[in-house]
Amino acid sequence: MMKILMVGPGPKTRGGISAVISAYQNSSIWQDFNITWIDTYYDKSVLTKLSHFFKGLIAFLYKIPKADLVHIHLSEPVSAFRKLVFFLVGKLFLKPIILHLHSFDSKTSVGGRFKSQYRFLFSKADTIIVLSPYWENEVKKNIPNCRTKVIFNPCSKILKLDLPKEKIILFAGTLNQRKGYALLIESFGQIAKKYPDWKLVFAGNGEIERGKELANKFNISYQTEFLGWISGDEKNEIFSKAMIFCLPSYAEGFPMAILDAYSYGLPVVSTTCGRIDLVLKDNEDILFFEMGNVNALANCLDNLMSNEKLSQKVGNNGFQFSKNNFELEVVVNELKMLYKSI
């Protein structure tokens, strides 16, 4: 059986990469291949981060001599820099290496001041997994001599709770500028008086106090709730009860949050971050709005809140599309074929 070292943030780390690896762990690929998860990062204190990094490196050094392949997950430049050590060790032991690119900004990474770092990694890797055809084009445009493979993020199997629906617009992810949470608060503030029985729920860590200040500024504090980071039963419950999911992000790879929402049959409102508009159809599988456009986002939310037929159509289409294209075993089979080819 092929022995694979999968390098990435640990299972307790909050974020999309950990969610993807966890999904793999609960699929047939974990049984069909001898995969070891090398935990390199935990988003806590600096001391904890360093501890996880060095523990991961020690485990990697111990297992690399007998490994057949190394699969490294990375995203922004800091993540890429952290994984560079594992990449170099893997190359030293002459192991084939797959780089799995989850997120990047071509202006600051492959096409910017970190270009040399990415050029080295990508040109020396055996294959780079990217999350969409758009990202494949962006990578090849900046680093043409690399080998790429498009594999979508998986839509995890969920046990949806049979709970009554509540008039909730849900945001799930880190509350920071890149995720556009402030825009969502301002947009909801434009239509909140029209829908006094609706509320905005944020599930995620980050700028929670700033979010509360903005909710107060736009007079929607009584219609806004901040849950902090949630997982497991708590996450299942809020996704099961919500009626709309919104991701006003400015930059993504292929958002795991949207795939989570699709798993629960939620209609999604999003920007075209990561050029997901090349994969999903506006007004059919999803409602798109222009990045940073407060009025456009308010209109999309208004359309779904006031039109039950549209809401059901978009939710059902998204669920079916994800089942056909992002279902866990469909994605995992693509990865299995890549492993065998290498």
Test ring pair (Phe, Tyr, Trp, His ring centres under 6.0 Å) applied to Y262 and F326, step by step: CA-CA 10 Å; Y262 278 164; F326 306 118; 7.3 Å; no
L227/E225 under side-chain contact (heavy atoms from CB on, under 4.5 Å): CA gap, chis, key distance, verdict: CA-CA 6 Å; L227 303 179; E225 186 175 357; 3.2 Å; yes
Test side-chain contact (heavy atoms from CB on, under 4.5 Å) applied to Y339 and D68, step by step: CA-CA 10 Å; Y339 283 169; D68 296 302; over 6 Å; no
Residue pair L297, C246: steps toward the side-chain contact (heavy atoms from CB on, under 4.5 Å) verdict: CA-CA 9 Å; L297 174 52; C246 183; 3.7 Å; yes
Worked verdict on L184 versus L301 for side-chain contact (heavy atoms from CB on, under 4.5 Å): CA-CA 10 Å; L184 177 54; L301 295 175; 3.9 Å; yes
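Atom OH of Y222 is surrounded by more than 12 heavy atoms from other residues, nucleotides or ligands within 6.0 Å. Annotation: K124, atom NZ; neighbour count of heavy atoms from other residues, nucleotides and ligands within 6.0 Å does not exceed 12. At most 12 heavy atoms of other shown residues, nucleotides or ligands fall within 6.0 angstrom of atom CD in Q177. Under a cut-off of 6.0 angstrom, the local environment of CD in Q31 is crowded, with over 12 non-hydrogen atoms contributed by other residues, nucleotides or ligands.
Side chains of S240 and Y264 form a contact here, defined as non-hydrogen atoms less than 4.5 Å apart. Contact annotation: the side chain of Q223 approaches that of F188 to within less than 4.5 Å [non-hydrogen atoms, C-beta and beyond]. Here the side chains of N176 and K179 are in contact, with some heavy-atom distance below 4.5 Å. Here the side chains of I191 and M305 are in contact, with some heavy-atom distance below 4.5 Å. Within the 4.5 Å cutoff, the side chain of H100 has heavy atoms near those of the L131 side chain. The side-chain heavy atoms of L214 and T224, taken from C-beta on, include no pair separated by under 4.5 Å. Put simply, the side chain of K212 reaches to within 4.5 Å of the side chain of I208, judged on heavy atoms. For the pair N295/F289, no side-chain contact is recorded, criterion being any heavy-atom separation below 4.5 Å from C-beta on.
Between F171 and Y181, the ring centre distance reaches or exceeds 6.0 Å.
Note that the CD1 atom of I35 and the CE atom of M6 stand 4.5 Å from one another [nearest 0.5 Å]. Considering CG of N317 and OG of S322, their distance stands at 10.5 Å, rounded to 0.5 Å. Put simply, CD1 on I151 and CE on M337 are 8.0 Å apart, with the number rounded to the nearest 0.5 Å. Here the straight-line distance linking atom CD1 of I64 with atom NZ of K3 works out to 12.0 Å at 0.5 Å rounding. One distance of note links NZ of K167 with OH of Y195; it measures 9.5 Å at 0.5 Å rounding. Taking SG from C146 and NZ from K140, the interatomic distance works out to 5.0 Å, rounded to the nearest 0.5 Å.
Considering only residues two or more places apart in sequence or on other chains, S28 meets the side chain to side chain donor-acceptor pair (under 3.5 Å) condition with E329, K336.
Looking at every heavy atom in both residues, S249 comes nearest to T271 through O-OG1, 2.5 Å. Residues D126 and R147 approach most closely at O-NE, 2.9 Å, considering heavy atoms. N325 and F152 make their closest contact through O-CD1, 4.1 Å (heavy atoms, listed as atom of the first residue, atom of the second, distance). Heavy atoms only, all atoms of each residue included: L170 and A203 are closest at CD1-CB, 4.3 Å. When all heavy atoms are compared, the tightest approach of F245 to I258 is CE2-N, 4.4 Å. The two residues L200 and I185 have their closest heavy-atom pair at CD2-CA, 4.0 Å.
A distance-only check finds a donor-acceptor pair linking the side chain of K95 to the backbone of P65 [under 3.5 Å]. Side-chain atoms of K91 never come within 3.5 Å of backbone atoms of P96 as a donor-acceptor pair (strictly under, hydrogens ignored). At least one donor-acceptor pair under 3.5 Å links the side chain of N316 to the backbone N or O of Q312. In terms of modelled atom types and a separation under 3.5 Å, the side chain of T36 and the main chain of L5 share no donor-acceptor contact. A distance-only check finds no donor-acceptor pair linking the side chain of S221 to the backbone of A215 [under 3.5 Å]. Between the side chain of W30 and the main chain of A23, no donor-acceptor pair closer than 3.5 Å is present. Distance alone, capped at 3.5 Å, places no donor-acceptor pair between the N205 side chain and the W229 backbone.
Note: Y118 and F122 have perpendicular aromatic rings, judged against thresholds of 30 and 60 degrees for the angle between ring planes. Taking the six-membered ring for Trp and thresholds of 30 and 60 degrees, Y24 and H73 have ring planes inclined between 30 and 60 degrees apart.
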Under 3.5 Å, sequence neighbours excluded: what are the donor-acceptor pairs made by side chains of residues 52-63?
unit_1	atom_1	unit_2	atom_2	d
H52	ND1	T48	O	3.4
H52	NE2	D39	OD2	3.4

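Cluster membership check: L247 shares its hydrophobic cluster with V268, using side-chain heavy-atom separations under 4.5 Å among Ile, Leu, Val, Met, Phe, Trp and Tyr. W135 is connected to L74 through a chain of hydrophobic side-chain contacts under 4.5 Å among Ile, Leu, Val, Met, Phe, Trp and Tyr, so both are in one cluster. Hydrophobic cluster membership is shared by L278 and V139, with clusters built from Ile, Leu, Val, Met, Phe, Trp and Tyr side chains linked at under 4.5 angstrom. Both I244 and L175 belong to a single network of hydrophobic side chains, linked directly or stepwise wherever heavy atoms of I, L, V, M, F, W or Y lie under 4.5 Å apart. Grouping the Ile, Leu, Val, Met, Phe, Trp and Tyr side chains by contacts below 4.5 angstrom, directly or via other members, places V331 with F33.
For the side chain to side chain contact (heavy atoms under 4.5 Å, CB included) with I129, the lone residue among L99, L338, L101 that qualifies is L338.
Comment: D233 does not engage K235 in a salt bridge, judged by the lack of any side-chain N to carboxylate O separation of less than 4.0 angstrom. One finds no salt bridge joining E136 and K149 here, because no Lys/Arg side-chain nitrogen approaches an Asp/Glu carboxylate oxygen to under 4.0 Å.
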